[in-house]
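One structure is given below, encoded as structure tokens.
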Amino acid sequence: MADDLWIIGASMTPFGRFPDRDVIDLAATAALDALDDASATIAEMQTLAVGCLTEAPNMLGQRLQKQIGQTGIPVYNVANACATGATAVRTALLTLKAGEADMALAVGVEQMGKMGLLGSAGRARPEPAGYEPSGRYGSVMPVEGILGTQLMPGVFAQAGMEYAYEHDGVGFEQFAKVAEKNHAHSALNPLAQYRKVFSLEEVMGAEMVAYPNTLLMCCPTGDGAAAVVVCTGTKLKTLDPGVRRRAVKISASVLTSDPYVESDTAQPDVSTLTKRAAAQAYEQAGLGPSDLDLVELHDCFATAELIHYENLQLCEPGGAGDFIDRRAPWRDGTTPVNVSGGLISKGHPIGATGVANLYEVATHLRGEAGDRQIEGARVGLTHVIGLGSACGVHILERATS
Amino acid sequence: MADDLWIIGASMTPFGRFPDRDVIDLAATAALDALDDASATIAEMQTLAVGCLTEAPNMLGQRLQKQIGQTGIPVYNVANACATGATAVRTALLTLKAGEADMALAVGVEQMGKMGLLGSAGRARPEPAGYEPSGRYGSVMPVEGILGTQLMPGVFAQAGMEYAYEHDGVGFEQFAKVAEKNHAHSALNPLAQYRKVFSLEEVMGAEMVAYPNTLLMCCPTGDGAAAVVVCTGTKLKTLDPGVRRRAVKISASVLTSDPYVESDTAQPDVSTLTKRAAAQAYEQAGLGPSDLDLVELHDCFATAELIHYENLQLCEPGGAGDFIDRRAPWRDGTTPVNVSGGLISKGHPIGATGVANLYEVATHLRGEAGDRQIEGARVGLTHVIGLGSACGVHILERATS
Amino acid sequence: MTEAPRRVPVVDYLSLDGAGGPVLRANACTACGALFFDRRNACARCGAREFEHRPLGTTGTVRAFTIVKRAAPNVPVPYVSAVVALDGGGVVKANIRDVEPDPAQVTLGMRVALTTFTCGTDVEGTEAVAFGFAPAT
Amino acid sequence: MTEAPRRVPVVDYLSLDGAGGPVLRANACTACGALFFDRRNACARCGAREFEHRPLGTTGTVRAFTIVKRAAPNVPVPYVSAVVALDGGGVVKANIRDVEPDPAQVTLGMRVALTTFTCGTDVEGTEAVAFGFAPAT
Ligand SMILES: [Zn+2]
Ligand SMILES: [Zn+2]
């Protein structure tokens with residue numbers, strides 16, 4: 001009954017700052033490039049799923065159709081924080097699995113401009129009028145900074161520090177090594193927002209944002225888009241040999257939310273849902289972490305990448321510090337992680353990220369990654385997490401024929 | 001291969017203004033009520049789909065889980081303008097059809113407060129600085145009111161007037177009769193935001209908003225939520241007889257977007273995508289308009305309802321004026337339309353609407369609609385349209401066993 | 001540095017300097033002829049990606065109208081908004097000028113002709129020029 | 001009309017008037033015991049809908065911390081934010097007070113005790129009282 005699922009077209013725009021383009025330009029560029037890559041037209045797409053966090057309420061999918069082809073197909077505008085792009089892909093895949101489409105287009109896009117590391121929370125707090133309790137905590141004023149921090153750099157810093165509390169051999173230096181690696185990797189990626197190599201000392205000596213995350217250990221804001229054309233195995237058999245040869249199999253597609261844990265009252269738990277998603281994905285694919293030739297995981301902050309080594313079973317339990325110390329996730333290591341440069345240096349236009357990591361892995365599996373190619377890559381895993389929380393994991397395989 | 005799809009739990013909160021509750025309270029109330037109605041628990045739900053336009057970027061699904069049960073299941077936050085709620089239901093259904101779930105929860109919710117008929121467009125226009133062309137039309141200032149109106153009341157007014165241009169027997173009075181009917185219907189619905197009967201003269205004499213729509217021909221803003229628990233036919237067979245007896249079959253579920261038409265350059269075409277959705281739905285269900293015992297359609301404005309009589313094939317081509325003139329869509333007519341009071345009087349909390357109309361039809365099919373019950377109802381159709389555009393149509397049938 | 005222009009069109013698909021007077025110009029798909037007024041990535045009708053500028057007719061027919069009485073604070077009401085099908089192709093939305101904003105005075109199917117008017121002046125004294133339609137015979 | 005209170009807790013799960021001094025109070029699920037600080041619709045852990053108020057322990061252990069150096073404009077930096085596991089149950093986020101905001105001075109696993117401080121004064125002179133934690137032995 002279950003049909004295979006395939007990526008036959010993939011694209012991403014360069015990530016960066018594009019003030020002269022609008023969010024539709026970015027989405028249209030990625031969509032048209034993915035269609036071209038698939039040797040397909042918009043008329044062949046039977047569903048469209050679009051992920052864009054900031055434009056989620058604004059019919060971006062339909063606005064995109066008006067620029068690339070209004071064919072009347074179902075459009076899903078989805079959002080799931082930093083897992084928004086992965087959710088768009090999953091939604092497109094659902095329509096394939098449900099038998100409602102045999103070819104579909106998923107687009108992730110975001111235009112963030114220079115909104116800054118703290119987002120809207122970076123703006124000044126209004127002066128207090130009379131105190132009146134409001135909201136679910138009966139707070140009489142905004143409590144950010146008064147009752148700890150709930151902003152991203154601090155939340156992920158504390159998530160990393162909790163791992164350090166529980167496991168030996170993890171500290172500021174290990175976290176910094178993650179960023180050193182991703183900056184180094186990005187130098188090989190022409191699509192990355194930044195391509196500058198930094199020494200470990202430079203990473204550790206950069207402006208401290210939220211210890212242990214320095215500015216060079218935090219992903220930037222930026223603009224960009226990515227898209228994939230997906231189809232069923234049955235459909236794939238009808239397509240041209242050139243398309244079939246470059247097709248990449250989606251061996252697992254998983255979305256999870258965070259199950260209850262006691263510490264949710266302090267801050268979201270980014271580990272349990274990732275562990276669950278990874279376990280489900282390995283089971284779906286019939287593969288294990290040792291089969292992975294490369295991994296694109298959600299390094300929104302260096303502290304996050306380190307704990308995901310364990311969450312994704314890339315290292316032994318408790319062994320994430322050792323894993324980075326022995327350079328296992330470097331591109332010439334045993335399990336290359338974020339050879340694109342990762343969110344930290346490739347960039348993180350929110351809605352685009354979960355689609356762009358599929359583009360990255362697919363490009364390696366196709367042997368088309370140029371200077372940054374992981375030679376002979378056959379299997380790769382992508383991972384994103386949106387705080388609050390949503391986790392998307394996909395496992396891709398090179399076509400065996 | 002294809003399994004049946006069923007609604008086993010349905011709920012809606014009263015629609016109105018609830019400044020003392022937050023959007024999560026509304027969503028949680030509807031969700032818990034729907035679970036209770038299905039004799040199910042959150043632990044049995046395998047996916048959660050949430051539709052809320054204003055909260056689309058803000059992880060509302062996960063925030064709801066934190067109030068009703070964090071079970072780790074996939075969460076989809078979706079948006080499609082006024083078709084947002086229907087899209088949430090469709091997404092939940094996709095996960096059933098895809099074999100990823102056998103029971104799922106879909107919630108639609110919106111807390112609009114008193115944002116006013118014109119939404120954010122009702123605010124004052126800033127004074128012009130130096131003129132600089134910007135945006136896709138190279139406009140040097142906001143053009144609302146200068147190059148016609150693109151606000152909802154005017155767009156739907158013009159859509160209605162275009163129908164009047166093309167067909168005889170349609171004018172101000174016919175549009176007003178639609179609102180007269182829906183206000184009258186709402187008097188029987190304890191969940192409606194307004195329950196006041198108005199004469200045709202009162203409707204026509206009310207403050208003119210955008211001719212031919214007077215204030216009594218426009219839906220209000222408001223707060224509310226609705227939820228459904230859906231499951232597969234295979235799962236249904238395992239449930240208690242009491243649940244099975246009240247189960248309502250989803251015989252069709254369709255989502256469309258607007259295909260290209262020449263007049264898109266002036267304003268969105270709300271008819272073609274509705275016509276396509278209806279045709280697809282009738283085909284899926286193996287039913288026709290004459291089989292319908294009641295219809296809940298998207299009467300955001302009285303002009304809209306009138307043209308949807310034809311779009312949904314409830315009347316003969318060109319016959320919408322005659323259809324309302326002979327009171328066919330009244331609750332004692334041949335095809336009762338919006339016996340809930342419709343958006344015009346029941347209210348229109350955006351994300352809730354597409355789920356609430358499923359609640360309404362399901363409640364009639366179960367014979368549980370109290371004073372407003374359409375006796376012996378066996379088949380009903382729901383329709384929503386979000387401008388820009390997305391159209392959702394569902395056909396429901398009473399269980400035959 | 002050139003001096004700032006004294007009159008600018010309120011949207012770039014209004015051309016003020018045509019030989020025959022003001023005219024609306026569309027992006028026409030070179031593959032299928034579909035007309036668009038905005039900056040394009042591809043054709044909504046056929047997906048092709050090439051366009052050419054084309055001036056449209058200056059007369060047309062009112063296919064639909066509304067009389068707006070409740071609007072944003074700075075927008076004078078009442079006014080007549082209409083969907084106008086231009087002779088020779090193209091459908092556009094604009095205000096109907098030079099007519100009473102009264103349902104008895106505006107008729108579906110009425111013939112109209114393009115007109116322009118000043119819709120604002122910026123801090124530098126530049127006038128923004130908008131288009132509308134006026135009854136024609 | 002009563003006179004406005006002079007001191008209010010910054011959040012309602014901080015109780016200032018307990019017999020033993022300030023204390024955090026949780027909504028505890030009567031079915032499974034899960035603790036929550038916010039207004040509840042149902043239990044995130046088990047789905048039950050009944051809760052009772054329960055005072056929590058005033059000492060605990062730092063499970064994680066960060067030292068925030070870049071913050072919103074009105075928030076003084078640097079400061080130490082921490083995840084504190086309370087003795088007897090409950091996990092909460094707050095600032096660590098009375099300690100240098102230096103990684104050499106804050107240690108994972110350090111013992112802390114609840115403390116309160118004034119975090120603002122409104123136009124009527126009412127003081128808002130927040131909680132934090134200070135090193136304990
Ligand atoms: Zn074309
Ligand atoms: Zn519980």
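Lettering of chains follows the sequences in order, A, B, ..., and the numbering in each one begins at 1.
- With a 4.5 angstrom heavy-atom cutoff, B:Gln67 touches chain A only via side-chain atoms.
- Residue contact with chain A, scored on non-hydrogen atoms closer than 4.5 Å, involves the backbone and the side chain of B:Asn80 alike.
- Between B:Thr234 and B:Asp3, the side chains place a donor N or O and an acceptor N or O closer than 3.5 Å (distance only, hydrogens not considered).
- The line from OG of B:Ser271 to CZ of B:Arg276 is 13.0 Å long, rounded to the nearest 0.5 Å.
- Each of A:Ala83, A:Ser134, A:Pro259, A:Gly135 has some count of heavy-atom pairs under 4.5 Å with chain B, and the biggest count is that of A:Pro259.
- A:Arg63 places a side-chain N or O within 3.5 Å of a backbone atom of A:Asn58 that can act as its donor or acceptor partner.
- B:Asp258 and A:Lys66 are joined by a salt bridge, as a carboxylate oxygen and a charged side-chain nitrogen come within less than 4.0 angstrom of each other.
- Within the 4.5 angstrom heavy-atom criterion, only backbone atoms of B:Thr71 (N, CA, C, O) approach chain A.
- A:Glu100 has a carboxylate O that lies under 4.0 Å from a charged side-chain N of B:Arg90, or vice versa, which qualifies the two as a salt bridge.
- Heavy-atom distances place both the backbone and the side chain of B:Leu53 under 4.5 Å from chain A.
- A:Asp22 and A:Gln111 form no side-chain donor-acceptor contact under 3.5 Å, judged by distance and modelled atom types alone.
- Within the 4.5 angstrom heavy-atom criterion, only backbone atoms of B:Ser389 (N, CA, C, O) approach chain A.
- In terms of heavy-atom pairs under 4.5 Å with chain A, the best-connected choice from B:Pro57, B:Cys52, B:Ala81, B:Gly392 is B:Pro57.
- Residue contact with chain B, scored on non-hydrogen atoms closer than 4.5 Å, involves the backbone and the side chain of A:Leu94 alike.
- Residues A:Glu110 and A:Thr54 bring a donor and an acceptor atom of their side chains to less than 3.5 Å of each other.
- Contact of B:Ile24 with chain A is made through backbone and side chain together, with heavy-atom distances under 4.5 Å.
- Note on A:Ala390, A:Ser257, A:Pro268, A:Ala56: by heavy-atom pairs under 4.5 Å with chain B, the leading option is A:Ser257.
- For a residue to count as touching a neighbouring chain, one of its non-hydrogen atoms must lie under 4.5 Å from one of that chain's; by this rule B:Glu55 does not touch chain A.
- By number of non-hydrogen pairs under 4.5 angstrom with chain A, the leading residue of B:Ala277, B:Gly386, B:Ala79 is B:Ala79.
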Evaluate the criterion side-chain contact (heavy atoms from CB on, under 4.5 Å) for residue pair B:Val384 and B:Cys82; output intermediate values, then yes/no. CA-CA 7 Å; B:Val384 284; B:Cys82 298; 5.9 Å; no

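- Considering only heavy-atom pairs separated by less than 4.5 Å from chain B, the leading option among A:Thr91, A:Leu387, A:Asp25 is A:Asp25.
- Side-chain atoms of B:His383 and B:Thr274 form a donor-acceptor pair, as typed in the model, at a separation below 3.5 Å.
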